[in-house]
Amino acid sequence: MTDLLSSLNTAQRAAVTASDGPVLVVAGAGSGKTKVLTTRIAWLLEQGVYPGEILAYTFTNKAAKEMKERVARTVGEDRAPFWIGTFHATGARILRTHAERLELPRDFAIYDSDDQKRLLKGVLADLNVDSKQFGISGVRAAISAWKNEDIDPTAAQAAAMSYVEETYAKLYEGYQKALRNCKALDFDDLILETVHLLEKHEDVRNQYASKFRHVMVDEFQDTNELQLLLVKLLSCQHGNIFVVGDDDQAIYGWRGAKVENMLQFDELFQGTQTFRLEQNYRSLGTILDAANAVIANNKQRKGKNLWTDAGRGDLVAVEQHLDAEDEAARVVEIVQQEMAAGRQRGDITVLYRTNAQSRLFEDALRRARVPHQVVGSVQFYERREIRDLLGYLKLVANPADEISLQRVINQPKRKIGQTTVSRLVACARDNQMPAGDLVMRPDLLLDALGNAASKRVLEFLTKLAGWRRQAHENTPVPELLEKIIADIAYEKFLHEDEPDTAAARMENVAELVNGTHSFHEASDGGTLGQFLEQTALVADQDTIQDGEGAVRLMTVHTAKGLEFPVVVMSGVEDALLPHITSSDTDAGVEEERRLFYVAITRAMRRLYLLHASRRRRFGSYEDSLPSRFLNEIPDELCEQREVDHGWKQPIGRSLFGDESVSSPARRSPRAGSRASSSRGASSGRGPLGHRERQPSQDLYSAKSQASSRNKPEPSAASWDHDVAQSTPYYEGQLVNHASFGAGTVIRVEGTGDDLTVTVDFPQRGRKHILPKFAPLVPLD
DNA sequence: GATCGATGATTTTTT
DNA sequence: ATCATCGATC
């Protein structure tokens, strides 16, 4: 009991042992926020609270899993709370339990933004709205904003002040109808409908409000209005609401998050106790000073100053490169240098503002044969072949899911075109039955589609019915998926469709099959619905892989909450870091500055800030200026370098224009944003060799938030592997898998295409591998 | 209904 | 530069 608290500092301990009632913990970057949350949970349990009485919201599934594990380690597996999760996952869980009150089937589908856009496209067509004038993405964003403010289509139409607004509102109405017709909820609905459920049904509200005697929220600065409302509803009986956050790390304003939730917490909840954590256990002094100096320029903040008693560390390396290609080449070099200095590859993370930037780093690292992992971006689940197969599974689970139907009905080609699909969908609507169920009414199909088309459609729907029967008979998900892949001859289709990429795609398919196997084992025979829910709600961060073996690449947004010994922040340029679309308002620039602050504070020991003088945009080069935020870091904390790669001629002649050389006085943080290309240029290209890092005290091994990474689901690892096909396998054999790495063969079953090899991967656990899909290379 | 080639948007960040 | 979409053509 006392050892629970013994490793905490005074402020942390005070927060952990706070009495009942509303509690706000303002926790600076690296101040032990997660530790406080998990210890608070453990402490509550020791005070006699039951595990089922605690509800904790996290930002990602990964964070939830980590929190669960950390608590379990302290209090024992059997006493760990089981309601720890994201707002979305928890919402889905509650909604499925009370599906009957929502007039939705229990196995409603969850639509992501891609599904939403496909759905919207149809709505625009139905309502004869010009998609040039009303961009799909814009409409989607508007609908999302409405939902986040709890405004329904009727209210939106009532509030419309112009023809354009009215059209948006009409589209919202149509979208909502179409969504429900597909028996689907979108991400926003998962929270909105949970709120409605609790608002409208007193018994349900009382059930949860009395069940969860302690409600906790991590990353509170990034909650939106609905989430606040939800949390209020859940804590209305006891008022035990414990939230942790950092207003300086609020970076989701664009998604409807309201820092005000945090800034005004004590007004929203009477009798709030506030605690502040300002000691940083993550970064060396220089890095922390740089972060503090940058964020001090923001006006909208509570204000705090992080401090550390760790050493100073190296200066921040600020480097100017000619273009983004050079920047990428430099990243490879940095990786090599850092590794030569004893760092592991997995210690190094490359951050960027936009996903589009990742491509060049991937290319450079691949060419240099440096193992790396892109977290997010072209996510595993967004690849076409994966979405296709998931589409099949979604359609099997929910025959009303017209979006999935449209996706898969002609994939592989079945000679069923757009006209037929539209007629089919219309026929389903006219007869008020799920499109998938029309297999039972060949007569209707014949009327609606004519002879030839209805025959092809019927053929498809009959196949679908077969899979559905299997699903109802509780066929394991992996078996079902393999059956579908076989029935539709998907491998053959991939080869005919695009021979060049077929092998790579098939490997992804194999990963998916592996994923269903892992799911099946981990969930002890979980249902198709559970599998689909899990895949629908995966976050970028959830795909982070174990191990020290790979350099990681991710956006700053994805990096939130994580820490790395070495951080390379790329593209620190005006137009990119204060992103061009956010730099016209003060609020926008401040959020961008917080983003930069988040990037800096991810670094534990060493920080690189890279910018290029020119960058391709839509094909052609455009000049790029160093970010105005760079000026906000005091000179004495930085080591400037202009790295000349020698073999390239600068094209933009204005690169080192007159003003740049003349003004080494690059102070004037507010106004001076434009005159700042001096930074790299004026410092010349002297022999700015690396300062050798002094071996100061080892903050790294004493890290407070040891990121104990868990086994992720299907990975997006990407590095070269030229591998030979099928080799006979035997038990005890050492083999290498393209994305799981080295492992030991545990069992070999089947022959030919059915050959299944069970392999034990040290860090990833046991996996069933089908060599037919994913070659295993013997390492003997 | 499929295929080819022209055209135009796309790049902010994500559960 | 790349991708998706659209229209003309078979």
Once you apply a heavy-atom cut-off of 4.0 Å, does A:T581 come out as touching a base, just sugar-phosphate, or nothing?
base
For the residue pair A:Y490 and A:F493, is the inter-centroid distance of their aromatic rings smaller than 6.0 Å?
yes
What pairs of residues pass the salt bridge (Lys or Arg N to Asp or Glu O under 4.0 Å) test when at least one of them lies in residues 577-589 of chain A, not counting sequence neighbours?
none
Scanning both residues in full, the closest heavy-atom pair of A:A291 with A:I600 reads CB-CG2, 3.8 Å
For B:dT13 and A:N355 - does any side-chain N or O of the residue sit under 4.0 Å from the phosphate oxygens OP1/OP2?
yes
Between A:H579 and B:dT12, do the rings stack, that is, sit under 5.5 Å apart with planes less than 30° off each other?
yes
Taking only the side-chain heavy atoms of A:F187 (C-beta and beyond), determine which of B:dT15, B:dT14, B:dT12 contains the nearest atom.
B:dT15
For A:E225 and A:Q227, which I'm curious about, is there any donor-acceptor pair between the side chains at under 3.5 Å?
no
A:Y252 aromatic ring stacked with six-membered ring of B:dT14, 5.5 Å and 30°:
no
Nearest of B:dT11, B:dT13, B:dT14 to any side-chain atom of A:R617?
B:dT11
A:F618 stacking on B:dT10: centroids under 5.5 Å, ring planes under 30°?
yes
Between P of B:dT15 and NE2 of A:H557, the distance in whole Å
11 Å
For A:V421 and A:D188, take the nucleotide of DNA chain B holding the closest heavy atom to each; which residue's nucleotide lies nearer the 5' end?
A:V421
Could you state the atom-to-atom distance from CG of A:N224 to P of B:dT14 in whole Å?
17 Å
Of the options B:dT14, B:dA2, B:dT12, whose atoms approach the side-chain atoms of A:E592 most closely?
B:dT12
Report the residues that fulfil salt bridge (charged side-chain N to carboxylate O under 4.0 Å, His left out) with A:R423, sequence neighbours left out, ordered by chain and then residue number.
none
Among B:dT12, B:dT14, B:dA2, the one nearest any side-chain atom of A:K415 is B:dA2
Quick check, are the ring centers of A:Y111 and A:Y175 under 6.0 angstrom apart?
no
Which comes earlier along DNA chain B counting from the 5' end, the contact point of A:E591 or that of A:R456, where each point is its nearest nucleotide?
A:R456
Indicate, with a heavy-atom threshold strictly under 4.0 Å, whether A:D112 touches base, sugar-phosphate, or nothing.
nothing
Base, sugar-phosphate or nothing for A:S620? Non-hydrogen atoms, less than 4.0 Å.
nothing
If you draw the axis of the six-membered ring of A:F460, does the NZ or CZ of A:R414 fall within 45° of it and under 6.0 Å from the ring centre?
no
Per-nucleotide protein contact along nucleotides 3-10 of chain C, 5' to 3', at a 4.0 Å heavy-atom cut-off (B base, S sugar-phosphate only, - neither), is --------
